[in-house]
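So the structure is just underneath, and the comments pick up after that.
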Amino acid sequence: MSYPPPRYLKEHGIASATFRPADAPPDLTIGVKSRVGHLATGASTDGQFGLYRWDMAAIPNGPGAHFHRTISESFFVLEGTVSLYDGDRWRDATPGDFLYVPPGGVHAFSNNSDAPASMLVLFTPGAPREAYFQELADIVASGRRLTEDEWTELYARHDQYAVP
């Protein structure tokens, strides 16, 4: 393994960092169950990665088992207990626990505890996951019920494939 080819070729570095304070409001609320902070989107990292803070209420929530064809996904628990499915079994993950899922890896998450929980979710490369999260929020806000075919189509547009 070696370093990738240089992407920045100028002789001197520049001030180009982005800062987000801890008290920034969430970028998206999905019903009463989840608040999402877009810490670094694929657009803001030139497609390198997407990093999101996922704050969950003390209500079982999260996607069913699924996989992605084009992106990896990683989870790092910040607070509380998050149930993480690694394709083989569910694990109760606590602060500091980490799960990496390569493309094709079956996974899921949920807050099954009786307390709020928070985690970082990292996608590589930086796919436009914000659109998927927004669609979920819109569906929840409208109270709309999708058919199985509509869910399948929505998931396919966002590189998410449900596992029965």
Side-chain angles (χ1 to χ4, degrees), residues 20-45 49-103 105-124 126-164:
R20 181 183 171 104
D23 62 355
D27 294 289
L28 182 66
T29 300
I30 303 175
V32 297
K33 295 182 179 182
S34 301
R35 292 184 328 267
V36 182
H38 300 168
L39 305 179
T41 65
S44 70
T45 66
F49 67 92
L51 181 65
Y52 305 87
R53 181 178 177 131
W54 204 272
D55 296 321
M56 297 170 281
I59 303 168
N61 63 80
H66 64 280
F67 66 94
H68 308 288
R69 296 181 191 279
T70 65
I71 53 178
S72 68
E73 189 169 3
S74 297
F75 304 90
F76 183 82
V77 179
L78 298 170
E79 298 173 16
T81 301
V82 179
S83 296
L84 296 174
Y85 183 61
D86 65 7
D88 185 40
R89 68 184 181 116
W90 285 94
R91 302 169 185 269
D92 285 336
T94 56
D97 287 342
F98 174 78
L99 176 69
Y100 167 72
V101 185
V106 174
H107 62 285
F109 68 86
S110 182
N111 180 3
N112 297 327
S113 73
D114 59 356
S118 182
M119 65 182 174
L120 295 175
V121 182
L122 173 72
F123 295 97
T124 57
R129 296 301 282 174
E130 310 81 48
Y132 172 63
F133 302 151
Q134 183 64 58
E135 284 193 61
L136 293 179
D138 292 345
I139 291 165
V140 170
S142 72
R144 187 171 150 226
R145 301 273 186 220
L146 273 62
T147 66
E148 188 173 324
D149 287 344
E150 289 172 320
W151 278 116
T152 299
E153 188 275 328
L154 170 72
Y155 291 154
R157 279 190 288 111
H158 295 288
D159 185 32
Q160 186 149 319
Y161 301 90
V163 174

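This one's a predicted model, so the numbers in the text were calculated from it and none came from an experiment.
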Short side-chain donor-acceptor distance under 3.5 Å, Ser83 and Ser110: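 Judged by distance alone, the side chains do not pair up.
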Can you see which heavy atom on [X] is nearest to which on [Y], and at what distance?
X: Pro103; Y: Tyr100; result: CD-OH, 4.4 Å
X: Arg89; Y: Asp86; result: N-OD1, 2.8 Å
X: Val77; Y: Ala93; result: CG2-CB, 3.6 Å
X: Gly80; Y: Pro95; result: O-CD, 3.2 Å

Stepwise side-chain contact (heavy atoms from CB on, under 4.5 Å) test for Leu122 and Phe98: CA-CA 11 Å; Leu122 173 72; Phe98 174 78; over 6 Å; no
Among Asp55, Ile30, Asp27, Thr29, the one residue meeting side-chain contact (heavy atoms from CB on, under 4.5 Å) with Val36: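 It is Ile30; the other options fail the test.
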Sidechain-backbone polar pair: [X] side chain, [Y] backbone, donor-acceptor under 3.5 Å:
X: Ser44; Y: Ala40; answer: no
X: Asp149; Y: Thr147; answer: no
X: Asn111; Y: Ala115; answer: yes
X: Asp159; Y: His68; answer: no

pair Leu78-Arg53: side-chain heavy atoms closer than 4.5 Å: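 Yes; the side chains approach each other to less than 4.5 Å.
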Leu84/Asp97 under side-chain contact (heavy atoms from CB on, under 4.5 Å): CA gap, chis, key distance, verdict: CA-CA 10 Å; Leu84 296 174; Asp97 287 342; 5.7 Å; no
Of Gln160, Glu73, His158, the residue whose pairing with Arg129 passes side chain to side chain donor-acceptor pair (under 3.5 Å):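 The option that passes is Gln160.
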Mutual orientation of the aromatic rings belonging to Tyr52 and Phe123 [parallel < 30°, tilted 30-60°, perpendicular > 60°]: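 Aromatic pair Tyr52/Phe123 classed perpendicular.
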Ring geometry between Phe133 and Trp54 (parallel below 30°, tilted from 30 to 60°, perpendicular above 60°):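 Ring orientation of Trp54 relative to Phe133: perpendicular.
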Distance (rounded to the nearest 0.5 Å) between Met56 CE and Arg35 CZ: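 Reported to 0.5 Å precision, the distance equals 11.0 Å.
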Salt-bridge criterion met for Glu150 and Arg144 (N-O under 4.0 Å):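 Salt bridge present between Glu150 and Arg144.
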Intermediate values then yes/no, side-chain contact (heavy atoms from CB on, under 4.5 Å), Val101 and Phe75: CA-CA 9 Å; Val101 185; Phe75 304 90; 4.2 Å; yes
